[in-house]
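Below, chains carry the letters A, B, ... as their sequence lines are ordered, and counting in each starts from 1. Given the structure is predicted, the values throughout are model-derived calculations rather than measurements.
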Amino acid sequence: MLSAKEQMAALVEGAVEVIKEEELLQKLERAEREGRQLIIKQGFDPSAPDLHLGHAIGLRKLRQFQDLGHKVIIIIGDYTGMIGDPTERSETRPRLTHEQVLANAESYKQQVFKIVDPDPSRLEIVLNGSWFSQMSFADVMELAGKYTVARILERDDFSQRFKNEQPISIHELFYPLMQGHDSVEIKADVELGATEQKFNCLVGRDLMKAHGLEPQVVMLLPVLEGTDGVRRMSKSIGNYIGISESPKEIYGKTMSIPDAMIMRYFELATTSSKPELDAVRKLLSEPDTNPRDLKRRLAGVIVTMYHGPDEAENAEEEFDRIFAKGGLPDEIPEPAITVGGQSDRGAVWIVALLVATGLARSNGAARRLIEQGGIRLDGNVVSSVDSTLAVNDPHLLQAGKRRFVRIVPENVKLSGE
RNA sequence: GGGGGGGUUCCCGAGUGGUCAAAGGGAACAGACUGUAAAUCUGUCGGCGAAGCCUUCGGAGGUUCGAAUCCUCCCCCCCCCA
């Protein structure tokens, strides 16, 4: 086992900020001396069950703590999820049923285990409802009494919203308190969070002190930008690369990131060593390097991390085939559809077919796609909105550059007219 | 409790009686150019087999030939005072 100092050096690597480093060192030293584990806390919002490369940064750090012998407690925020972290500021967040939360928690496990060690001596997953549901109103008041409005309003997004005359509900103010209280419940030694979680994590320190506990160390990790290269990676924005997505998806999405993000992704989304990173950085700075080649490498590295080298190779081949050579993917959906048509010859209006296959959302959308030359039937651009086709024969429909559907006669049901 | 300002299509936001399916921007989608990058340009961006019609401007009524726009009641948000 590594000494406390050695552990410290490894753990601090990659963190944006550690509050406070000397406390972490003390904790590590004491853990070493007394032969016990530190408790590492990480919370997850249960509403979006897809974990992505942004979450993976934290998960890898958790794994590192585990490998050093410490215990990770992942908190699924079913109760906090009822509020929705105001950081995301989405107005109407649907409340999840308990069943949904449990299903999402299960889904989390599957994904978390791709990175984190599932050994129960090093991992525990709990719902924070397990304590919040037991609290009485008096308990809640006591919790509320431990913090002041002024301090809560220090939080940047609260003060922004206040300034901009946007609503803040009282219950939203509880979010940081609840997250902080989680730390009290599990007596966390360290809480991991993205930099945007700083305030919430610090509240945890304050609440622990108020309970006479040793305050947790807060370790803040960088936030990864999404595939748009601007906003943080997030499922709700739709700019994410999920760790349980297919090799092709991961590869393709990685190729779509802006060039300026290549280095950032190498640093945050891969486990590349320092020398490897330096090599990439050097290549990027050379004028005759085509950034695309480095991006291909990046995409390959990321797919390999989650699916292995063979899949990475397949994904690259397919990518080249479709996008460099305009070919077809290996797997094209063959949906079962029902469309109105003339049953005698199976002639179906192309617009109806596009809607039935899900390639277009409405007839109007389908028309527009056709008018703009975005629809291909068996490889040829469909030029007329009035086209029909015989669904007695198989066909290949393409919308835009990357959406394909195969029409298979057996899967087509004519609703008749 | 009193006073004031607001709620517009996915988001922001213009629109104060007809020319409004509603300016502008963003997002998104399609096309061109490319490296499924960026930038740029073009087009689209409520629904209907497209003709005209239907639904939409917080909700419900009303005035009017005609309402996002005026009136009434209700719901919600923000600010100031208490």
Side-chain angles (χ1 to χ4, degrees), chain A residues 86 88-92 158-172 225-231 234 236-241 245 247-266 284 288-300 303 315-329 339-342 347-356 358-377 380-389 397-404 415 417:
Chain A
E88 306 232 355
R89 236 194 85 219
S90 72
E91 309 258 330
T92 48
F158 283 142
S159 55
Q160 286 301 323
R161 283 164 69 185
F162 196 67
K163 223 181 286 169
N164 295 334
E165 307 188 356
Q166 285 167 333
I168 302 171
S169 302
I170 304 286
H171 76 289
E172 291 184 272
E225 290 80 1
T227 52
D228 58 359
V230 179
R231 291 169 294 175
S234 139
S236 51
I237 299 174
N239 61 355
Y240 73 109
I241 301 177
E245 287 194 273
K248 289 171 220 166
E249 284 292 320
I250 295 179
Y251 195 94
K253 286 186 177 183
T254 305
M255 288 304 286
S256 76
I257 67 170
D259 290 356
M261 284 290 118
I262 294 176
M263 199 59 227
R264 183 97 176 139
Y265 269 58
F266 265 110
L284 264 176
D288 46 336
T289 299
N290 184 340
R292 184 198 49 166
D293 298 330
L294 282 171
K295 203 144 73 175
R296 286 164 64 96
R297 192 153 116 197
L298 172 67
V303 175
E316 181 166 303
E317 275 169 26
E318 172 156 325
F319 181 84
D320 287 346
R321 190 166 68 240
I322 299 174
F323 297 106
K325 298 180 191 136
L328 298 178
V339 281
Q342 295 155 328
V348 169
W349 185 34
I350 182 103
V351 168
L353 195 60
L354 286 167
V355 173
L359 290 176
R361 191 171 288 192
S362 67
N363 287 11
R367 276 169 185 282
R368 285 174 224 129
L369 279 169
I370 293 168
E371 281 161 6
Q372 297 183 123
I375 298 296
R376 281 167 186 269
L377 173 63
N380 303 312
V381 174
V382 175
S383 54
S384 167
V385 173
D386 298 317
S387 308
T388 58
L389 72 153
L397 261 181
Q398 180 181 357
K401 290 191 175 64
R402 54 188 119 160
R403 293 158 62 221
F404 297 87
S415 61
E417 283 183 61

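Counting to the nearest Å, the P atom of B:A37 and the CG atom of A:Asp293 are 15 Å from each other. The distance from atom CZ of A:Arg297 to atom C1' of B:A37 is 18 Å, rounded to the nearest whole Å. At whole-Å resolution of the value, OH in A:Tyr265 and P in B:A38 are 12 Å apart.
For A:Ser362, no side-chain nitrogen or oxygen approaches OP1 or OP2 of B:G46 to under 4.0 Å.
Comparing B:A14 with B:U8, their P atoms sit 11 Å apart, to the nearest whole Å. B:C75 and B:A60 have their C1' atoms separated by 10 Å, with the value rounded to a whole Å.
Using a cutoff of 4.0 Å between basic side-chain nitrogens and carboxylate oxygens, A:Glu225 and A:Arg264 are scored as salt-bridged.
As the counterpart of B:C53, B:G47 is assigned, both hydrogen-bonding distances of the Watson-Crick or G-U wobble pattern falling under 3.5 Å. Pairing for B:U40 is with B:A32, a Watson-Crick or G-U wobble pair whose two hydrogen-bonding atom distances lie under 3.5 Å. For B:G24, the paired nucleotide is B:C12, the pair qualifying as Watson-Crick or G-U wobble because both relevant distances are below 3.5 Å. Here B:A67 sits opposite no nucleotide as a Watson-Crick or G-U wobble pair (both hydrogen-bonding atom distances under 3.5 Å).
Taking CZ from A:Arg292 and CG from A:Leu294, the interatomic distance works out to 11.0 Å, rounded to the nearest 0.5 Å. In this structure, A:Glu245 CD and A:Tyr240 OH are separated by 5.0 Å, a value rounded to the nearest 0.5 Å.
Between A:Ser256 and A:Asn363, the one whose closest nucleotide on RNA chain B sits nearer the 5' end is A:Ser256.
Side-chain contact check for A:Leu359 versus A:Leu369: every heavy-atom pair is 4.5 Å or farther apart.
Within 4.0 Å of A:Arg367, counting heavy atoms only, lies at least one base atom of the nucleic acid.
For the side-chain contact (heavy atoms from CB on, under 4.5 Å) with A:Leu389, the qualifying choice from A:Leu397, A:Leu377, A:Val382 is A:Leu377, the only one to do so.
For A:Arg402, there are no salt bridge (charged side-chain N to carboxylate O under 4.0 Å, His left out) partners two or more places apart in sequence or in a different chain. Considering only residues two or more places apart in sequence or on other chains, A:Pro258 meets the side chain to side chain contact (heavy atoms under 4.5 Å, CB included) condition with A:Met261.
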Within the 4.0 Å limit for protein heavy atoms, which parts of nucleotides 25-35 of chain B are touched? Write it as a string from 5' to 3', B for base, S for sugar-phosphate only, - for none. -----BS--BB
